[in-house]
Amino acid sequence: MAVTLQTPLARVLGPKTAGSMAEQLDLHTVRDLLRHYPRRYARRGEMARLDDLQVGDRVTVLAQVKSVETRRMRQRRGSLTEVTVSDGGSTLKLVFFNHRHAHLGPGEWGLFAGTVGQYRDRLQLTHPDMHLLRGDGDDDDWARALVPIYPASKDVSSWVIQKSVKLLLGAGGGLGDLVVDPLPEEIRARHGLLPLAAALLDIHRPTTSEDIERAERRLKWDEALTLQLTLAARRRAAALEPGVARPRRPGGLLDAVDAALPFALTEGQREVGEELAGELDRDQPMHRLLQGEVGSGKTVVALRAMAQVVDAGGQAALLAPTEVLAAQHARGIRELLGPLGRAGELDGDPEGTRVVLLTGSLKAAARRQALAEVAEGRAGIVVGTHALLQEAVEFADLGLVVVDEQHRFGVEQRDALRAKGTRPPHVLVMTATPIPRTVAMTVYGDLETSTLRQLPSGRGGVSSSVVPAAEKPAWLDRAWARLREEVAAGRQAYVVCPRIGDVSGPDDQPEDADGAPEENPGSDRRPPLAVLDVAELLRAGPLAGLRLDVLHGRMTPEEKDAAMRAFATGETQVLVATTVVEVGVDVPNATVMVVMDADRFGVSQLHQLRGRVARGKHAGLCLLVSEAPTSSPTGLRLASVAATSDGFELARLDLETRREGDVLGAAQSGRRSGIRLLSLLEDEELIAEARAVATALLATERGLADHPGLAAEVAALATDERAEYLEKA
Ligand code: ADP
Ligand code: MG
């Protein structure tokens, strides 16, 4: 039977190799393998790269054997063979015990793969996997200037992949029959793109670096276009849904909110507010992303939109990522609404509505009552966590869904909540992580965007510094002294640690330290500092006498709420916490944020944390405590966080550092939404072009009807995405 893209690899490669590929690299079909691109290309004369190697890196090098020496070992029985390889510049030592590979001869070229180790100041590979390039038989690799190096695994080395791909590509490049190009000829010509078969051939077996570049451009286009088509389809489907207009009604909740606000809205808040008010008034559901710096005042914008919907007879739901944050939102909204938020209670205003908090930790009776108020429509405003998504939660007339801090929620969760409307509700997504344009076009590509650029005036601003605790221990003392000064002046402080502490084992993983680049996995750094330990140390020493409390994810919701409340009222002066304070927590009197082991957090996370202070009129101080050397990459990363308060700049830095891991070899294979080659950082222009093409293609009557290839790609992506979501769930 003819081989097609869907043919299982087991039918082409033999069961053992195919089995390992499936298990270890997630490659199952011919299509998967053809889309498993080289990570880089080894060239002769590139050993200079070896100077950048670090102990623990997994590498593959292309080099020539210079010398082979075998000798008896003095301390142990047996012999040791040292092979020195070089590419003309740098040299590297390969070490074998007991005559393994003593047959290597000087002058031979080969690929050597292994984990970099160190012996007496010299880097070496011990018992590397190797593949000699002898130019014999059908092995024409030797003749090639560029040898592809693939993301490999324990049992599937780069050269096994290379051989397998070669088998598929066929001697004369018989890809033409195998691969049907999904891209319409006209688009290909207009954007100067290679045919798919040619691109695949070139990416796997290039002759020149121009081959690679052209192939990559074409293959990136596929990725960008498929993604943009998916998103454009979503936008279109959303635009066709009939929604319900929720026009403004004077004299209602919204006017009451405006009258009760203790401050004037910023210009940005007013403008975005108008934009939202207008869209809510249309019977086409709004799908909008509101991005704004930490502290730019997104909550009040959302609340005003919610009030408008309630005034028009609908309900509004606010989905928050944590219980602490949900409780804080509910409390804040209730305070602001006063009697208008307590309709049906003795002191409530019958013209008003009710605010219900729905979280996973509600006791059965309270939960039943909350569900009833939501289902019967008495609760106009419903605030909650994931618990809102559960099936039991039914709304009388859901008119608006607000998702706070979207980066914690997937599209599927947004959709789950949306589905609770009898007719599609309006959707407002808020994020404090400033989003580079490319990310906005991809991850959030199905939403229109509004941005709050301005912080409310009268803010003190935050100054940040790195405290290199190992190099300058005295600075840490100074940090605690500064904290004491602030508390003495009536202010409050957070101390954030990566871990909770007290118990060991899997339960004490760093609490949600997502985004922190793992530098040396498996190395023996000391465990991250823990809230409970640090709190005890501070109580006994540097912060003795201050009113100090802890907050972390292992406390019950009641305990958390009590701790937050005590901090909000000023009863607690210093709150030692995990990243549960990262998202949205709002205590304007807090001015100091000390982050312990700051190097264990990601760039965006540090920026978020810092946004917790100086939310009032006082200036804030953020101290990033770390033992990392100031001149190390980690130290420099912290220094840039301290140096800039521009969230967009930091979001970029975050994207860059997340890729730190795959510079020389740790790259993982993976399907991440079908993106293998596309870089959100570097391919901005290409993504924008693909977006325009996708929008144009779908704007026609027939959509993708004339482009079955593209339609199939989009369908395949949808399947992968769904699979990934299921895995996560
Ligand atoms: P974020 O955008 O990070 O969610 P919040 O909505 O929590 O920010 O607002 C941060 C703080 O600023 C809150 O204490 C809020 O009451 C206050 N705030 C919001 N808008 C204004 C304004 N126009 N003037 C003064 N303070 C404001
Ligand atoms: Mg917020």
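One-based numbering, in listed order, for ligands and for the atoms of each.
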Test salt bridge (Lys or Arg N to Asp or Glu O under 4.0 Å) applied to D311 and R248, step by step: CA-CA 7 Å; D311 282 339; R248 234 181 127 141; over 6 Å; no

Run the contact test for A264 against ligand 1 with a 4.0 Å cut-off on heavy atoms, strictly below, and give the result. yes

Could you go through the side chain to side chain donor-acceptor pair (under 3.5 Å) check for S464 and R610 one step at a time? CA-CA 8 Å; S464 310; R610 173 166 63 184; 2.9 Å; yes

Between E486 and T591, does any side-chain donor sit less than 3.5 Å from a side-chain acceptor? yes

Apply side chain to side chain donor-acceptor pair (under 3.5 Å) to S361 and E323, showing your working. CA-CA 9 Å; S361 62; E323 295 221 350; 3.1 Å; yes

If only side-chain N and O atoms count, and only distance matters, is there a donor-acceptor pair under 3.5 Å linking E275 with S450? yes

Answer with side chain, backbone, both or neither: which part of Q269 has a heavy atom less than 4.0 angstrom from an atom of ligand 1? side chain

Just which atoms of ligand 1 are under 4.0 Å from any heavy atom in T299? 4 (O), 5 (P), 6 (O), 7 (O)

Please say whether L265 places an N or O atom under 3.5 Å from an N or O atom belonging to ligand 1. no

Could you list which atoms of ligand 1 come closer than 4.0 Å to a heavy atom of S296? 2 (O), 8 (O)

Do any nitrogen or oxygen atoms of G292 come within less than 3.5 Å of a nitrogen or oxygen of ligand 1? no

Would you name the heavy atoms of N589 and R491 that are closest together and state the gap between them? OD1-NE, 2.9 Å

Between T266 and ligand 1, which residue portion shows a heavy-atom distance shorter than 4.0 Å: side chain, backbone, both, or neither? both

